[in-house]
Amino acid sequence: MNTFLKLSDEVANALQQKKPVVALESTIIAHGMPYPKNVETALAVEQTIKNNGATPATIAIINGKCCVGLTAEEIEIFGKEKEVWKVSLRDMPYVISKKLFGATTVAATMRIAAMAGIKIFVTGGIGGVHRGAEKTMDISADLSEMAETNVAVVCAGVKSILDIGLTLEYLETKGIPVVTYGQKSFPSFYSTESNYNTPLQLNSSKEIAEMLQTKWALGLNGSVLIANPINKKDEVPFAVIESHITNALEHAEKQGIKGKETTPFLLQHIAQHTNGNSLEANISLIKNNAVLGAQIAAHL
Ligand code: PSU
Ligand code: MN
């Protein structure tokens, strides 16, 4: 086995016995939500996965190892500690060789999940093509990773801090299927709707699992984006969130926020300016995704 990989006993046993395992990322804990809600949510999501018959595997970099399956104490460190790196693919060799704390993004989490043999990964939202990317070229490594690595991603659609249309185009170019669970509209994270229809729709976890198996059996490498709309009662309507996003983007521009700081800055700004409403929506949708992810993993 890869010497940089360290599986918890729980995860190693589950994989050995071919039981369902669901990967989880750590950037959402360290850079996506404030303390202590981040830690509470991470633990609640793990519990939700267990309640639905699968083993959770939260992934992060600790002391030179890609850790798959964290203890509650380790999750607490990632939620609290200020000196945690946000690790996308390009940061992995630096953070691992320097033995720093690294919270993994969707891209890095997928790669490590694949090393461990995990096929399903649950998160809130992926990175994508940013608004204005035709000038900044800010396109998340999450998308190029999804073109390559055979780990399916369950999320709540694409957040409109990104250019949803361009992100869908990019996914199409890279041959990444985008399937929405149970509805025609492509969801936009906080809202069940966006201004886009979903390219594909499936209405059960079983059908989704069958599609994943078919894709990989055909030798078509890469991910499938599984968009799971937030529960209607918890959503923040599209128009409401849009005004906060416009505001956050203006502030980012004024303060010269660039590169890897962009996504965490926007997320934090929106959370602050929606009186925590967006945070509650975020927590609700990720638990909702955990249920679907565990169900799909069980069918695989
Ligand atoms: N979108 C969210 N919450 C998040 C992220 C994105 O709604 O926490 C995080 C994920 O870890 C994602 C990363 O992989 O941000 C993307 O960062 P970037 O745009 O710098 O690639
Ligand atoms: Mn970026």
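Quick caveat, the model's predicted, so the values are computed rather than measured. Ligands are counted one by one from 1 in listed order, and the atoms in each one are counted from 1 as well.
- A donor-acceptor contact shorter than 3.5 Å is absent between the side chain of T180 and the backbone of Q183.
- Protein N/O/S atoms closer to the Mn ion (ligand 2) than 2.8 Å number 1 in this structure.
- Remark: the backbone N or O of I59 is paired with a side-chain donor or acceptor of S26 at under 3.5 angstrom.
- Contact record, S160 with I245: OG-CD1, 2.9 Å, taken as the closest heavy-atom pair.
- Salt bridge status for E280 with K37: present, with a side-chain N to carboxylate O gap under 4.0 Å.
- T55 and E10 share no side-chain donor-acceptor pair at under 3.5 Å.
- Checked for salt-bridge contact, E148 and R111 meet the test: a charged N lies under 4.0 Å from a carboxylate O.
- Contact residues of ligand 1 (protein heavy atom closer than 4.0 angstrom to a ligand atom; sorted by chain and number): E25, T27, I28, G32, K86, T105, V106, G125, G127, H130, S140, D142, K159, F189, T263, L267.
- Remark: K98 is not positioned above the aromatic ring of W85, lacking an NZ or CZ atom under 6.0 angstrom from the ring centre and at most 45 degrees off the axis.
- Salt bridge status for K254 with E250: absent, with no side-chain N to carboxylate O gap under 4.0 Å.
- For the residue pair Y35 / E40, no side-chain donor-acceptor distance below 3.5 Å is found, with atom types taken as modelled.
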